[in-house]
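Just so we're on the same page: letters track the sequence lines, and every chain starts at 1.
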2 protein chains.
Amino acid sequence: MLAIGEFSRLTHLSVRTLRRYHDAGLLEPATVDPASGYRYYSADQIPTAQVIHRLRELDVPLPDVARIVRSPDPGDRAELVAGHLRRLEDQLAATREAVASLRRLLHPDPPPLQVRLRAVPATPVAAVAGVVDLDGVLAWYAGAMAELDAVVAEPEGPPGGLYDNALFETGRGHVLVYRRTAGPTAGGRVHPVTLPAVELAVTTHAGPHDDIDVTYGELGAWVVANGLAVAGPVRESYPVGPRDTDDPAAWRTEIGWPVFPMAAR
Amino acid sequence: MLAIGEFSRLTHLSVRTLRRYHDAGLLEPATVDPASGYRYYSADQIPTAQVIHRLRELDVPLPDVARIVRSPDPGDRAELVAGHLRRLEDQLAATREAVASLRRLLHPDPPPLQVRLRAVPATPVAAVAGVVDLDGVLAWYAGAMAELDAVVAEPEGPPGGLYDNALFETGRGHVLVYRRTAGPTAGGRVHPVTLPAVELAVTTHAGPHDDIDVTYGELGAWVVANGLAVAGPVRESYPVGPRDTDDPAAWRTEIGWPVFPMAAR
DNA sequence: CTGGACCCTCTCCCCGGGGGAGGGTGCAGA
DNA sequence: TCTGCACCCTCCCCCGGGGAGAGGGTCCAG
């Protein structure tokens with residue numbers, strides 16, 4: 001039986017951290033003296049402590065660590081770990097993209113932004129709508145678009161979507177993806193919808209979506225400079241997207257932001 | 001002039017976050033109405049907001065972001081950014097190593113640990129000592145060892161170090177690195193020191209230092225199983241180290257932990 | 001039996017936000 | 001000019017994974 005200080009020395013985990021792991025139900029001492037509250041660990045808990053240490057170095061949240069070290073089946077455990085490694089991969093990809101986008105921001109090579117005003121009439125479309133978290137929007141988009149493809153036999157023009165401002169402001173909001181078509185417009189989650197008529201400020205973003213907010217910002221600056229104000233929901237359409245090519249640099253995203261004269265807000 | 005909500009829509013930064021950035025002195029509104037406290041932004045602050053956004057995606061702390069966006073000289077700014085990118089690289093390397101170490105832990109292929117007890121007599125050495133942070137210990141070690149090499153003409157045996165337990169427990173502690181020699185033992189930070197006689201439990205760790213705590217743990221378990229207790233400072237020596245080869249898998253680190261009979265603590 | 005190392009619980013602090021309460025402002029339509 | 005409502009303000013509490021320290025109990029060797 002090892003007192004907490006001794007166990008700390010053997011595992012390179014601080015005494016404080018060991019106590020926290022006990023409170024979190026993550027690493028229970030082998031025995032606890034009921035009179036004094038002293039924690040006593042056994043030497044064969046050392047490997048467990050080391051696994052915990054590694055998982056924490058990978059920023060796995062404590063509750064997930066608890067699930068991993070407590071799961072009895074090594075298969076389940078491996079699966080949980082693999083899931084977290086995938087999460088790390090995604091994070092790494094996001095980091096790389098942020099670095100690239102930062103470089104583009106700091107060393108700009110700005111092609112002048114083409115903004116046009118376009119009066120869009122009310123448009124009937126086949127649509128899938130829902131309330132979505134910002135993190136899950138990509139997955140939701142893929143699923144919704146697959147359903148649209150299954151239902152809409154003869155699409156016209158590129159697919160598109162409407163995104164509520166709340167999605168960017170609070171991380172959750174209404175999203176609607178649509179296809180224009182002369183054919184059927186209902187089935188499963190797909191329903192016919194008529195997009196309202198609006199005046200749009202339209203521009204096209206080229207490349208991956210990691211720095212699409214830059215284009216949003218430039219579009220917004222143009223709108224403001226022209227005495228207009230924006231109001232959601234924003235419309236995007238995807239003349240060239242992940243459905244068309246695997247090369248994000250080739251993507252083209254048309255952004256249409258409903259505008260009003262400043263005074264008419 | 002844009003109200004905060006409008007600016008939020010143009011930058012995809014939440015209203016809350018914009019207010020926080022104002023409070024942190026990171027992104028000052030162009031004007032603030034002294035009567036109402038309303039913040040008003042100008043459209044040409046959008047690029048700055050986007051740079052901040054990217055830096056935050058890279059987990060650059062707010063004070064550092066403030067330094068970057070406020071530094072007038074683009075060269076300085078690039079240097080600050082580059083520094084953070086280096087930090088990200090290091091972090092990435094650490095993550096990779098933790099993943100590798102975790103795999104080794106979960107799929108162990110354990111060569112049986114060779115532990116020997118060795119009575120070490122008092123030993124005169126040339127040494128550099130200091131109080132070091134755990135993060136900086138590698139850099140400190142490199143500097144100290146370079147000074148030792150400059151002073152000690154004829155070293156005997158591998159270099160070594162003594163590490164206070166506090167280094168692992170509180171992240172800061174006494175460290176002493178030494179070389180045995182029959183030659184000079186003083187110069188610069190180098191001073192003659194006599195390491196006290198101790199009884200050591202000794203084993204050798206093979207490979208990079210990322211999972212050296214596993215060997216520490218196994219050594220500790222062996223010590224406990226043999227009715228002994230450990231006490232610092234730990235001694236390490238480096239028969240094969242970064243000085244000898246660039247391949248961390250070839251490194252050999254001898255760990256000697258002072259031991260006492262359990263009862264004699 | 002005593003001193004000192006060790007251990008206990010408790011509270012407060014850090015970061016970068018999110019959530020909500022409670023109240024003041026700006027502006028368009030009536 | 002009034003009213004309603006969207007917008008804005010400040011202030012406080014919450015999260016996770018610890019670090020720091022206060023104040024007090026416990027263990028054990030000399």
Side-chain angles (χ1 to χ4, degrees), chain A residues 1-9 12-27 29 31-41 52-53 55-66 133-135 165-166 168-172 229 231-232 260-265, chain B residues 1-9 12-27 29 31-41 52-53 55-66 133-135 165-166 168-172 229 231-232 260-265:
Chain A
M1 284 303 113
L2 305 162
I4 196 169
E6 195 93 6
F7 195 71
S8 156
R9 257 165 258 143
H12 290 179
L13 289 165
S14 79
V15 169
R16 296 190 108 73
T17 299
L18 287 172
R19 286 202 272 254
R20 175 171 310 273
Y21 289 173
H22 179 197
D23 295 345
L26 213 155
L27 182 64
T31 62
V32 178
D33 183 327
S36 67
Y38 277 30
R39 297 164 175 87
Y40 294 98
Y41 295 81
I52 294 172
H53 197 164
L55 291 170
R56 284 299 306 136
E57 283 175 355
L58 297 175
D59 279 329
V60 176
L62 287 194
D64 297 19
V65 174
D133 284 329
L134 189 53
D135 322 353
N165 278 326
F168 306 108
E169 284 167 23
T170 69
R172 185 175 178 80
F260 304 87
M262 268 281 188
R265 281 297 301 284
Chain B
M1 283 303 115
L2 304 162
I4 196 169
E6 197 92 7
F7 195 71
S8 155
R9 257 165 260 145
H12 290 178
L13 289 166
S14 79
V15 169
R16 293 188 109 69
T17 300
L18 288 172
R19 284 202 272 254
R20 175 172 310 273
Y21 289 173
H22 179 198
D23 294 344
L26 212 153
L27 181 64
T31 62
V32 178
D33 183 327
S36 67
Y38 277 30
R39 297 166 176 85
Y40 295 98
Y41 295 83
I52 294 173
H53 197 164
L55 292 170
R56 285 299 305 136
E57 284 175 355
L58 297 175
D59 279 330
V60 177
L62 288 192
D64 297 18
V65 174
D133 285 330
L134 188 53
D135 322 351
N165 279 326
F168 306 108
E169 285 167 24
T170 69
R172 185 176 177 79
F260 303 87
M262 268 279 187
R265 285 295 300 284

S.K.: Are A/Pro29 and A/Tyr41 packed together at the side-chain level, in the sense that at least one heavy-atom pair is separated by less than 4.5 angstrom?
M.R.: yes

S.K.: Does B/Arg39 make a side-chain N or O approach to OP1 or OP2 of D/dC8 shorter than 4.0 Å?
M.R.: no

S.K.: If I take atom CD in residue A/Glu57 and atom C1' in nucleotide D/dG18, what distance separates them, rounded to the nearest angstrom?
M.R.: 15 Å

S.K.: Residues two or more places apart in sequence or in another chain: which of them pass side-chain hydrogen bond (donor to acceptor under 3.5 Å, both in side chains) with A/Asp59?
M.R.: none

S.K.: Within this structure, what is the OH-to-C1' distance between A/Tyr41 and C/dC7, rounded to whole angstrom?
M.R.: 12 Å

S.K.: Using a 4.0 Å cut-off on protein heavy atoms (strictly under), produce a 5'-to-3' string for nucleotides 15-25 of chain C with B for base contact, S for backbone-only sugar-phosphate contact, and - for none.
M.R.: -SBBBB---BB

S.K.: State, to 0.1 Å, how close B/Val32 and B/Gly37 come at their nearest heavy-atom pair, and which atoms those are.
M.R.: CG1-O, 3.7 Å

S.K.: Under 4.0 Å between any heavy atoms, over every strand shown, what does B/Ala24 touch: base, sugar-phosphate, or nothing? Just pick one.
M.R.: nothing

S.K.: Could you tell me how far apart B/Leu18 (CG) and D/dC7 (P) are, to the nearest whole angstrom?
M.R.: 15 Å

S.K.: Taking CD from B/Glu6 and C1' from C/dC27, how many angstroms apart are they, rounded to a whole number?
M.R.: 14 Å

S.K.: Calculate the interatomic distance between A/His53 atom NE2 and D/dG17 atom P; express it in whole Å.
M.R.: 14 Å

S.K.: Please give me the minimum heavy-atom distance between B/Val15 and B/Gly5, naming the atom from each residue.
M.R.: CG2-CA, 4.1 Å

S.K.: Working to the nearest 0.5 angstrom, can you tell me the gap between B/His53 NE2 and B/His12 NE2?
M.R.: 9.0 Å

S.K.: Output yes when at least one side-chain N/O atom of B/Arg19 is less than 4.0 Å from OP1 or OP2 of D/dC9, else no.
M.R.: yes

S.K.: Taking CZ from B/Arg172 and C1' from D/dA20, how many angstroms apart are they, rounded to a whole number?
M.R.: 15 Å

S.K.: Atom CZ of B/Arg9 and atom P of D/dA6: how far apart are they, to the nearest Å?
M.R.: 13 Å

S.K.: Using the side-chain heavy atoms of A/Ile4, tell me which of these nucleotides is nearest: D/dC7, C/dG26, C/dC8.
M.R.: C/dC8

S.K.: Rounded to whole angstroms, how far apart are CG on A/Leu13 and C1' on D/dG19?
M.R.: 15 Å

S.K.: Taking C-beta and beyond as the side chain, do A/Met1 and A/Tyr38 meet within less than 4.5 Å on heavy atoms?
M.R.: no

S.K.: Which value, rounded to the nearest 0.5 Å, describes the distance between B/Leu62 atom CG and B/Asp23 atom CG?
M.R.: 11.0 Å

